[in-house]
Amino acid sequence: VQLQASGGGLVQAGGSLRLSCVASGRTFSTYYMGWFRQAPGKEREFVAGVSWNGGKIFYGDSVKGRFTISRDNAKNTVYLQMNSLKSEDTAVYLCALAQKIRSPPTAAVAGTKRMYDYWGQGTEVTVSS
């Protein structure tokens, strides 16, 4: 499986960006997909996750109400719409795919890094204040 994230860039505080992650090499539509982020010197943080049919969507506490995750199985793509961006959202954003757990019961489970089997290389988001 290969995951290719894109859409990052430099944006002013209060602005918006949409990230995309395209998956190849496996049947994408049945797997759980997640977005994480990692800022310099910080732990990798769960941002959002979505099940194959959109029935299990979870968000990290710091992005609730501002970010929206979605997916288009026909395009093997998962999106992250980021609105009302803040300087603290500055990080490298990575997408990830989970094969074994396809419907996590809680946000805590969805946000567990070891749940994911494949990771993309990341796309950098910088929010200027």
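Taken from OH in Y93 to CG in L17, the straight-line distance is 9.0 Å, to the nearest 0.5 Å. Here the straight-line distance linking atom OG1 of T77 with atom CD of Q4 works out to 11.0 Å at 0.5 Å rounding. The CH2 atom of W35 lies 12.5 Å from the OH atom of Y59; values are rounded to the nearest 0.5 Å. Note that CZ of R66 is 7.0 Å distant from OG of S84, once rounded to the nearest 0.5 Å. With rounding to the nearest 0.5 Å, the separation of OH in Y116 from CE in M33 is 9.0 Å. Residue K100 holds its NZ atom at 11.5 Å from CZ of R114, rounded to the nearest 0.5 Å.
Here the closest non-hydrogen pair linking A98 and M115 is CB-O, 3.4 Å. A48 and L80 make their closest contact through CB-CD1, 4.2 Å (heavy atoms, listed as atom of the first residue, atom of the second, distance). For L10 against S128, the heavy-atom pair with the smallest separation is CD1-CB, 4.3 Å. Of all heavy-atom pairs spanning A13 and S129, the tightest one is CB-CA, 4.2 Å. Minimum interatomic distance between D89 and V127 (heavy atoms only, all atoms of both residues): CB-CG2, 4.3 Å. Minimum heavy-atom separation, I57 to V50: CG1-CG2, 3.7 Å.
Note on W52 and V78: separate hydrophobic clusters, where clusters join Ile, Leu, Val, Met, Phe, Trp and Tyr whose side-chain heavy atoms are under 4.5 Å apart, directly or indirectly. No path of Ile, Leu, Val, Met, Phe, Trp and Tyr side chains, each step under 4.5 Å between heavy atoms, connects V22 with V47, placing them in separate hydrophobic clusters. Using a 4.5 Å cut-off between side-chain heavy atoms of Ile, Leu, Val, Met, Phe, Trp and Tyr, with links allowed through other members, L97 and Y79 fall into different hydrophobic clusters.
Put simply, the side chain of Y31 does not reach to within 4.5 Å of the side chain of D117, judged on heavy atoms. Counting heavy atoms from C-beta on, the side chains of F46 and F58 come closer than 4.5 Å. Proximity of I101 to Y32: side-chain heavy atoms (C-beta onward) are nowhere separated by under 4.5 Å. Looking only at side-chain heavy atoms (C-beta outward), V125 and M82 come within less than 4.5 Å of each other.
Qualifying side chain to side chain contact (heavy atoms under 4.5 Å, CB included) partners for T106, counting only residues two or more places apart in sequence or in other chains: A108, V109. Residues passing the side chain to side chain contact (heavy atoms under 4.5 Å, CB included) test with S62, sequence neighbours excluded: R37, E45. For the salt bridge (charged side-chain N to carboxylate O under 4.0 Å, His left out) test, no residue two or more places apart in sequence or in another chain qualifies with K86. Every residue two or more places apart in sequence or in another chain that forms a side chain to side chain contact (heavy atoms under 4.5 Å, CB included) with Q81 is listed here: S16, R18, T68, N83. Partners of R44 according to the side chain to side chain contact (heavy atoms under 4.5 Å, CB included) rule, which considers only residues two or more places apart in sequence or in another chain, are F36, Q38, L94, K113, W119. Scanning for side chain to side chain donor-acceptor pair (under 3.5 Å) contacts around S51 gives N53, with sequence neighbours left out.
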